[in-house]
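Note that the coordinates shown come from a computational prediction; the quantities given were computed from them, not determined experimentally.
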Amino acid sequence: METFGDDLETLRRVPLAPEHVDAICEIGGERLYAKGDIVAEIGDQMDTFTYVLEGEIEVVDPKTDERMFEESLGPAQFMGEIGFLSATTNYLRMRAAKPTRVIEAPRLQMLELMSRIPELSDHIITIFAARRRKQFELGNAPITLVGADRDPQVQTIERFLSRNRIPFKSYDLDGREPEAQKACKLAAEKPGVILGKRLRIEEPTPRKVARYLRLDLGICSQRDFDLLIVGGGPAGVAAAVYAGSEGLNALVIEDMAIGGQAGTSSRIENYMGFPTGISGTDLTYRGQIQALKFGTKFVMPRRVETLTQREDGSFCAVLDGEGEDGDEICAKAVLVSTGVQYRRLPLENLRELEGAGIFYSATEMEARFCSKTEAVVIGGGNSAGQAAMYLSRTAAHVHLVVRSGSLAASMSSYLSQRLEADPRVTIHYETTVTKLHGEEWLEGVTFTKRDEDTRVDTRALFIMIGAAPNTDWLSGLVETDEKGFVRTGASVGRSTPFETGTDGIFAVGDVRADSVKRVASAVGEGSVVVSTIWTYLDELANSA
């Protein structure tokens with residue numbers, strides 16, 4: 001299956017072309033580091049591109065102050081990873097292993113240079129993405145989680161980091177390895193989140209971690225944009241790519257993780273170009289990198305609460321927050337790509353057990369809670385089917401609970417056939433889950449079929465049933481159907497399919513009424529709508 005970023009070990013040390021080095025020297029300045037000098041510290045903002053002319057730069061273990069890897073950076077190599085594109089937090093401590101001479105170029109000038117020289121951009125981004133993949137696999141980051149196996153708050157942060165491909169280390173409270181025991185002591189022997197060497201977050205939330213990583217509004221020096229894209233699923237990310245490539249000043253607001261509902265899919269096998277499949281997270285992460293390369297900004301985890309229209313026709317979005325400065329973003333146009341969210345079941349004790357055995361996504365993180373237990377997946381769509389197949393690798397057995405008597409109308413044929421043939425999966429047709437068992441953690445569920453109840457012991461229940469649109473924040477500015485999906489195109493008297501009835505507001509993807517609920521169609525809509533938005537903004541500018 002395809003993954004994000006190349007394998008760093010397979011990338012040869014191909015130096016930059018001489019003319020590319022000359023171009024970097026023109027925008028940068030030379031700097032000398034003595035042996036032992038720190039070139040980059042954990043927690044620093046990645047705002048400088050560093051190219052090595054002479055000497056050697058090594059990665060330092062922040063706990064021991066010793067060299068972390070045998071490999072180092074030498075002449076004709078450069079520092080940095082994919083976070084450089086958006087000026088986020090540096091995850092590695094870098095030190096000069098010997099007297100070292102480098103060229104340091106300011107980030108904005110470097111990004112402008114990369115936009116003018118695609119060959120240079122391709123080379124740098126390939127290396128950056130591979131380094132992020134390596135860091136993510138090794139967990140080299142200034143973030144340590146303790147007790148995600150027991151605490152829903154810590155588990156939420158682990159999910160946020162994992163789905164956004166941010167490196168971290170996670171330890172169970174009862175871990176026996178030395179590193180786990182050290183982390184538990186730092187966390188005072190209870191669930192928690194530690195930043196850097198020993199900064200423990202009180203009442204940890206994804207938002208607090210995002211601030212530390214510079215993923216929140218702190219990255220934005222402005223509050224007015226050409227285009228505000230609300231929702232970072234496949235449609236929103238595709239629009240972000242094309243908006244940036246067309247020169248629009250665009251911002252994406254995402255309330256949890258880039259990828260949206262598609263990001264919870266462990267394996268997408270019917271998306272063109274990936275014959276061995278790709279996870280939803282990796283697919284949208286690749287798109288995010290493309291969008292960042294073109295200058296589109298991403299802010300997370302933030303949610304738009306209300307949208308208002310100013311007298312000049314532009315729009316202002318108020319973001320969630322408690323009276324914080326700068327929580328309003330304005331734009332000439334708004335793209336609604338908030339998609340849908342899985343519905344909750346009307347079960348007693350459901351909310352208390354969310355994150356404690358009840359999940360709404362099935363990724364590698366959730367799968368680890370399925371070892372040595374039977375897993376239950378509720379739903380008859382592709383997401384539920386993909387989750388059942390993925391979880392069957394780690395769970396003792398998987399039960400797929402389907403309310404109807406067939407999967408033919410709701411699931412792709414290849415997937416339903418695979419499930420029916422898999423001895424590790426049992427499909428329960430015409431069945432519902434009617435009761436949850438357990439207090440601090442889920443211990444079992446009750447199946448009901450034709451008034452007959454059966455208890456199944458499980459510590460992992462995945463709910464993937466019908467979805468509801470995320471449109472309350474639109475504050476009545478656009479017309480929706482009876483289910484809350486946004487009406488567009490001919491149904492509201494518009495000539496193009498993605499225009500709403502309000503000038504300057506557009507909608508794409510699953511949130512749009514009558515759209516095809518597939519990743520490929522969402523990507524297509526997000527790509528196509530940008531030309532309509534560009535035309536709208538051009539006409540707006542000419543009429544001013």
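Residue L307 is tested with V230, V318, V334, V478 for a side-chain contact (heavy atoms from CB on, under 4.5 Å); the sole match is V334. For the side-chain contact (heavy atoms from CB on, under 4.5 Å) test with V519, the passing option among N270, L283, N382 is L283; the others fail. Applying the side-chain hydrogen bond (donor to acceptor under 3.5 Å, both in side chains) test between E81 and each of K134, R132, R133, R131 identifies R132 as the sole match.
A donor atom on one side chain and an acceptor atom on the other are found under 3.5 Å apart for E366 and S361. Residues Q417 and S413 bring a donor and an acceptor atom of their side chains to less than 3.5 Å of each other. Residues R163 and T281 bring no donor and acceptor atom of their side chains to less than 3.5 Å of each other. Side-chain contact annotation: R159 with Q155, donor-acceptor N/O pair under 3.5 Å present. Y360 and Q341 share no donor-acceptor pair across their side chains, judged by distance under 3.5 Å alone.
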- Task: May I have the step-by-step check of side-chain contact (heavy atoms from CB on, under 4.5 Å) for V336 and W473, ending in yes or no?
- Result: CA-CA 10 Å; V336 184; W473 61 275; 3.7 Å; yes

- Please step through side-chain contact (heavy atoms from CB on, under 4.5 Å) for the pair L113 and M110, ending with a clear verdict. CA-CA 5 Å; L113 181 65; M110 189 64 198; 4.2 Å; yes

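With salt bridges taken as basic N to acidic carboxylate O contacts below 4.0 Å, none links R214 and D44. We find that D224 and R310 are joined by a salt bridge, their nearest charged nitrogen and carboxylate oxygen being less than 4.0 Å apart. Checked for salt-bridge contact, K332 and D312 miss the test: no charged N lies under 4.0 Å from a carboxylate O.
The minimum heavy-atom distance between N164 and I258, with the atom names listed, is OD1-N, 3.2 Å. In plain terms, the two heavy atoms of K293 and I125 that are nearest each other are CD-CD1, 3.2 Å. When every heavy atom of F160 is checked against every heavy atom of I166, the shortest pair comes out as CE2-CD1, 4.5 Å. Looking at every heavy atom in both residues, V530 comes nearest to E246 through CG1-CG, 4.2 Å.
Side-chain atoms of R211 and R207, non-hydrogen and from C-beta on, do get closer than 4.5 Å to each other. S162 places a side-chain heavy atom less than 4.5 Å from the side chain of F136. Between F298 and L215, the closest side-chain pair of non-hydrogen atoms is not below 4.5 Å. Residues C370 and F359 have side chains not in contact (no heavy-atom distance under 4.5 Å, counting atoms from C-beta outward). Taking the side chain as every heavy atom from C-beta outward, Y212 and I201 never approach each other to under 4.5 Å.
Within the structure, salt bridge (Lys or Arg N to Asp or Glu O under 4.0 Å) pairs that include any residue of residues 108-127 comprise E112-R116 (at least two apart or interchain).
Between Y51 and F78, the distance separating the two ring centers is not shorter than 6.0 angstrom.
In terms of the side-chain contact (heavy atoms from CB on, under 4.5 Å) criterion, residue partners of E203 (sequence neighbours excluded) are, by chain and number, Q153, K208. Applying the side-chain contact (heavy atoms from CB on, under 4.5 Å) criterion to A17, with sequence neighbours excluded, gives E19, H20.
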